[in-house]
Amino acid sequence: MDDSCPCEEACHLLDDEGKQVRHRHPKQKRSRKSLYLLSIILTNLVTAIAAFTVGQTWQRHRDQSSIHSQLHTPQDETSFYADIDQDSRHTVKFSPFSLDPKASPYTSPPSPEVDQAWRDLGVEYFTFVLPLPLGPTFNIDPSHAIIPADAPGAHNESGYAVDMEAMHQLHCLNLLRKGQYFNHEYYAAAENLLDRPSWAFRDPERNVRGHINHCIDALRERIMCAADDEVLPYFWRDGEGMTISDFAVTRQCKNFEAVRSFAEKHQLDDWGTSYVLKTPPDAYIASDIL
């Protein structure tokens, strides 16, 4: 009898008990082994690519979320932003909804008292000087206005003229408050134009509208940029199926006082009033804006 197997793929044999068993050809064994090794290699390759992609994404996220890392690190307490507490959070309970305009000191009817409450938040702080080496950290380049070292409050160091974002946002919110139909008459009156944020109402109507519209859109952009994903629950109200949002929620907030204190401490002395900058002959002029 010919002991060779005529089938290249498999032969059928009898075992000791007379049962038919399947004998795999050596070529098929090698083929399955190769596929197994190939699957391991591909799996490792995909895992490595995924790990690299996740690592790069995390690095980009870390770089974007710590824009001040070059300014304030535990090892560099003498850095420019060392006065600002960047990391800690504190608990704040927000105000509930109320129809009473005096429920908040910031929404009371126009008066010197409510204006002082807003001033205390820093809405009238002047520009401060950001050291030139820190410009790239904030995507600022020499096409932007540079304060000379001899400017009052520049501390003998030239740098970029900048405003703190939080102060600008509060300035905009205060301007919107003053521009409300029930407040506008008061702040448009000449005798009530002593504070700087009210200067806007001395401008032509076109400029006043433009200023207010800028503030509305600037706040919209900042709100959308933050994209707050916290939620507001509802309470039941009198009446079938009536509800009202519970705005008196508790949040973890950054240290605003540290930011305000920094802006107050570093502001220029009377910049734009008693001291007037001289525009360099080669300066970039934003004539397409105004």
Side-chain angles (χ1 to χ4, degrees), residues 101 104-112 114-130 135 138-147 151 153 159-228 256 259-260 263-264 266-290:
S104 166
Y106 306 105
T107 60
S108 296
S111 68
V114 68
D115 290 338
Q116 187 59 51
W118 281 91
R119 289 192 196 97
D120 291 342
L121 294 178
V123 296
E124 293 185 26
Y125 288 168
F126 288 99
T127 295
F128 69 91
V129 177
L130 183 73
F138 295 91
N139 295 320
I140 300 175
D141 59 55
S143 67
H144 295 88
I146 295 177
I147 301 294
Y160 296 104
V162 297
D163 290 329
M164 189 69 74
E165 265 283 12
M167 303 302 106
H168 173 255
Q169 292 162 23
L170 285 171
H171 151 77
C172 271
L173 196 57
N174 192 35
L175 183 65
L176 295 183
R177 176 186 70 87
K178 294 183 175 185
Q180 293 294 307
Y181 73 90
F182 45 80
N183 291 336
H184 180 268
E185 183 178 357
Y186 175 89
Y187 290 107
E191 64 271 18
N192 298 316
L193 291 177
L194 300 179
D195 60 318
R196 289 199 308 127
S198 293
W199 290 358
F201 296 103
R202 292 177 176 173
D203 292 341
E205 180 68 16
R206 174 180 179 273
N207 292 7
V208 173
R209 288 178 179 268
H211 195 169
I212 291 177
N213 285 337
H214 151 74
C215 280
I216 292 173
D217 215 38
L219 292 175
R220 175 195 63 80
E221 289 176 329
R222 293 300 299 180
I223 292 171
M224 293 177 66
C225 180
D228 190 350
F256 170 78
V259 176
R260 186 210 60 77
E264 180 183 34
H266 290 84
Q267 64 181 325
L268 289 169
D269 299 332
D270 295 331
W271 181 66
T273 54
S274 62
Y275 179 84
V276 180
L277 288 175
K278 294 182 179 179
T279 303
D282 59 345
Y284 170 79
I285 307 299
S287 58
D288 59 330
I289 299 177
L290 301 178

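Positions are given from 1 along the sequence.
- Rounding to the nearest 0.5 angstrom, the gap separating the CG atom in Leu170 from the CG atom in Leu219 is 9.0 Å.
- Of all the heavy atoms in Ala263 and Met167, the pair that sits closest is CB-CG, 4.0 Å.
- Contact check for Ile285 versus Thr279: side-chain heavy atoms found under the 4.5 Å cut-off.
- Taking CG from Leu121 and CZ from Arg119, the interatomic distance works out to 11.5 Å, rounded to the nearest 0.5 Å.
- Taking the salt bridge (Lys or Arg N to Asp or Glu O under 4.0 Å) definition, one finds that Glu221 meets it with nothing, sequence neighbours left out.
- Listed here is the closest heavy atom pair of Phe256 and Ala166: CE1-CB, 4.5 Å.
- Between Trp118 and Tyr106, the two ring planes are perpendicular [angle over 60°; tilted spans 30° to 60°].
- Taking CG of Asn174 as the reference point, atom CD of Gln169 lies at 13.5 Å (rounded to 0.5 Å).
- Considering every non-hydrogen atom in both His214 and His168, the closest pair reads NE2-NE2, 3.3 Å.
- Pro110 and Tyr186 get closest at one heavy-atom pair: CB-CD2, 3.2 Å.
- Between the CD1 atom in Ile212 and the NZ atom in Lys178 there is a gap of 11.5 Å [rounded to 0.5 Å].
- The two atoms that bring Ser108 and Ser104 nearest to each other are OG-O, 3.3 Å, heavy atoms only.
- Checked against salt bridge (Lys or Arg N to Asp or Glu O under 4.0 Å), Arg220 has the following partners two or more places apart in sequence or in another chain: Asp217.
- Ring orientation note: the planes of His144 and Tyr160 are nearly perpendicular, at an angle over 60° on the 30°/60° scale.
- Here the closest non-hydrogen pair linking Val114 and Thr107 is CG2-N, 4.4 Å.
- Going from atom CD of Glu264 over to atom CG of Asp120 covers 9.5 Å, rounded to the nearest 0.5 Å.
- Note that CG of Asp163 and CZ of Phe128 are 7.5 Å apart. Values are rounded to the nearest 0.5 Å.
- Scanning for salt bridge (Lys or Arg N to Asp or Glu O under 4.0 Å) contacts around Arg177 gives Asp115, with sequence neighbours left out.
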